[in-house]
A.B. asks: 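Dropping the structure in here first, questions after.
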Amino acid sequence: MNAVKQPIKFVHKLCDWYRANRRDLPFRENPDPYRILVSELMLQQTQMDTVIPYYMRFIEQFPNVASLAAASPESVLKAWEGLGYYRRARYLHQTAQTIMHKHNGVFPKTVSALKQLPGIGNYTAGAIASIAFNLPVPAVDGNVIRVMSRVLAEDCDFSQRKNVQQLEVLLEQLIQHDRPSDFTQALMELGALVCQKKPRCERCPVNAHCLAYANNEMMRYPHMPAKAQKTKLSYYVFLIGNSEQGYVFQKRPEDGLLAGLLQLPQYAGPFQTACKLLEEDLGISIVKTESLFLVHHVFTHIIWDMQVIHTIITDDASLTLHTLDNLPGTLSKAHRKILERLEK
DNA sequence: TAGGCGTGGAT
DNA sequence: TATCCAAGCCT
């Protein structure tokens with residue numbers, strides 16, 4: 001791996017730029033490790049603008065580790081509703097409980113101790129250690145890989161761990177030369193504001209140190225490996241009920257996609273089989289069905305095509321109906337889209 | 001280690 | 001519309 005040209009100058013220019021240009025973000029108001037923890041978990045694979053309103057509500061509802069640890073898993077999941085990657089909510093909750101019960105409410109302050117907490121991996125441990133505790137340890141996320149692969153003109157595949165480890169060694173040297181908290185955030189802030197997918201090199205504080213810029217090959221980095229094709233799945237989604245009294249919901253399995261979340265009754269085809277399964281699961285009899293519309297929903301690795309079926313059943317007082325503001329759990333976006341379309 | 005795991009913004 | 005991919009982690 002190449003070295004950075006004039007590394008000490010590079011670090012000071014980068015950190016000075018950060019201190020002059022950093023955004024006012026809610027979790028930058030104070031370096032409370034709990035707030036850094038919550039923000040980092042929310043920001044995993046999720047954009048800033050999406051996270052901020054969730055973060056504000058979450059901190060108001062669970063202002064510290066103790067209040068989060070004492071909360072029910074359901075209430076934490078509900079606060080996460082719509083943010084995606086719902087495992088993160090469960091991990092965050094478990095981490096709060098571990099800190100309260102195994103660390104006596106005191107935040108672990110080493111990378112190795114942080115990494116033992118659920119949901120905290122290599123990046124997040126480094127981010128908390130450097131940002132909240134100002135320790136000189138690197139935190140390599142997608143921004144840092146984009147910035148540094150260009151600065152170094154390094155086209156290796158950073159989805160491979162050994163290459164990230166090499167970058168960490170290099171950054172561990174650089175971070176010694178300024179405030180670690182500023183250095184970590186400066187690299188990410190540069191990636192977010194300047195060294196974007198389409199970089200704005202003319203406003204970059206370290207373009208004089210950038211090998212990709214010198215070679216005019218910015219768009220070549222970072223090198224991304226090809227991604228697997230998405231699997232397409234088709235379902236029938238059964239609408240039982242009406243907009244006034246609500247609809248029938250069912251709970252998804254406790255593991256896998258959208259684990260433990262609510263959904264409208266949903267079955268794979270063929271149609272007759274789907275109807276039979278619906279009748280067996282709910283203990284009902286279908287009187288009449290009407291095909292309404294198709295809803296398309298794209299996940300990271302799967303595509304759902306959901307054919308929505310309005311379903312009339314024989315009178316059955318044992319079924320419980322729920323409206324959107326009266327749900328006994330957390331609803332996925334895929335099915336919320338269906339209900340929102342019905343209201344139009 | 002490669003693939004599972006959500007959602008929304010940008011293009 | 002289709003594709004990419006964003007402050008990743010876990011198994």
Side-chain angles (χ1 to χ4, degrees), chain A residues 18 22-23 25-28 35-55 77 80-92 94-95 114-132 138-148 157-164 181 184-193 195-198 219 222-233 252-261 263 294 296-305 330-337:
Chain A
Y18 170 71
R22 68 180 213 158
R23 292 169 291 178
L25 300 173
F27 40 84
R28 284 180 177 164
R35 295 183 176 223
I36 302 300
L37 168 73
V38 173
S39 69
E40 289 301 341
L41 265 290
M42 286 189 170
L43 284 163
Q44 288 171 5
Q45 297 290 284
T46 309
Q47 294 179 352
M48 184 66 70
D49 290 346
T50 303
V51 162
I52 285 177
Y54 281 90
Y55 174 83
L77 199 56
W80 208 271
E81 185 174 43
L83 197 52
Y85 283 145
Y86 296 95
R87 275 192 309 194
R88 295 182 296 171
R90 305 178 195 276
Y91 289 145
L92 177 57
Q94 290 166 18
T95 280
L114 285 166
K115 277 170 78 167
Q116 289 176 30
L117 296 167
I120 299 186
N122 205 48
Y123 159 74
T124 306
I128 294 173
S130 60
I131 296 173
V140 177
D141 73 333
N143 282 307
V144 175
I145 287 171
R146 195 168 53 256
V147 170
M148 294 309 297
D157 175 7
F158 281 105
S159 69
Q160 290 184 24
R161 183 125 184 78
K162 58 170 186 178
N163 293 325
V164 173
S181 173
T184 289
Q185 295 182 81
L187 274 181
M188 292 194 285
E189 196 79 340
L190 190 73
L193 300 182
C195 196
Q196 298 153 318
K197 184 151 74 168
K198 192 180 169 194
M219 296 303 282
H223 168 71
M224 291 296 207
K227 294 195 173 167
Q229 209 175 353
K230 293 178 181 3
T231 305
K232 294 183 181 178
L233 299 174
R252 291 181 59 84
E254 290 298 336
D255 55 81
L257 182 66
L258 303 170
L261 269 62
Q263 66 177 10
L294 190 66
H296 187 74
H297 192 79
V298 181
F299 297 92
T300 306
H301 57 299
I302 299 173
I303 297 173
W304 278 3
D305 279 310
T330 304
L331 186 66
S332 77
K333 271 286 175 186
H335 286 247
R336 184 172 293 271
K337 260 158 72 173

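Numbers restart at 1 for each chain; the letters A, B, ... are given by sequence-line order, proteins then strands.
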A.B. asks: With sequence neighbours excluded, tell me which residues meet salt bridge (charged side-chain N to carboxylate O under 4.0 Å, His left out) with A:Arg28.
C.D. replies: A:Glu189
A.B. asks: Listed by chain and number, what are the side chain to side chain donor-acceptor pair (under 3.5 Å) partners of A:Glu254, not counting sequence neighbours?
C.D. replies: A:Lys251
A.B. asks: Kindly write out the residues that satisfy salt bridge (charged side-chain N to carboxylate O under 4.0 Å, His left out) with A:Arg35, not counting sequence neighbours, or none if the list is empty.
C.D. replies: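 Per chain and number, A:Arg35 pairs via salt bridge (charged side-chain N to carboxylate O under 4.0 Å, His left out) with A:Asp32.
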A.B. asks: Only counting residues at least two apart or in another chain, list the ones meeting ring-ring contact (aromatic ring centres under 6.0 Å, His included) with A:Phe27.
C.D. replies: A:Tyr55
A.B. asks: Of all residues at least two apart in sequence or in a different chain, which pass the side-chain contact (heavy atoms from CB on, under 4.5 Å) check with A:Lys197?
C.D. replies: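 A:Lys197 satisfies side-chain contact (heavy atoms from CB on, under 4.5 Å) with no other residue.
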A.B. asks: Could you check which residues of residues 36-43 of chain A get a heavy atom under 4.0 Å from DNA chain C? Sort them by number, please.
C.D. replies: A:Glu40, A:Leu43
A.B. asks: What distance, rounded to whole Å, do you find between the two P atoms, one in B:dT11 and one in C:dA7?
C.D. replies: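 Taking atom P in both B:dT11 and C:dA7, they lie 14 Å apart.
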A.B. asks: Who are the side chain to side chain donor-acceptor pair (under 3.5 Å) partners of A:Tyr123, not counting sequence neighbours?
C.D. replies: A:Glu40
A.B. asks: Looking at residues at least two apart in the chain, or sitting in another chain, which of them share a side chain to side chain donor-acceptor pair (under 3.5 Å) with A:Ser39?
C.D. replies: none
A.B. asks: A:Thr46: which residues meet the side chain to side chain donor-acceptor pair (under 3.5 Å) condition with it, sequence neighbours left out?
C.D. replies: A:Arg88
A.B. asks: Students should find this one: the first and last nucleotides of DNA chain C, 5' to 3', lying under 4.0 Å from a heavy atom of chain A. What are they?
C.D. replies: C:dC5 to C:dC10
A.B. asks: Treating primed atoms plus P, OP1 and OP2 as sugar-phosphate and everything else as base, which nucleotides of nucleotides 1-11 of chain B get B, S or - for protein heavy atoms under 4.0 Å?
C.D. replies: ---BBBBBS--
A.B. asks: Who passes salt bridge (charged side-chain N to carboxylate O under 4.0 Å, His left out) against A:Arg252, sequence neighbours left out?
C.D. replies: none
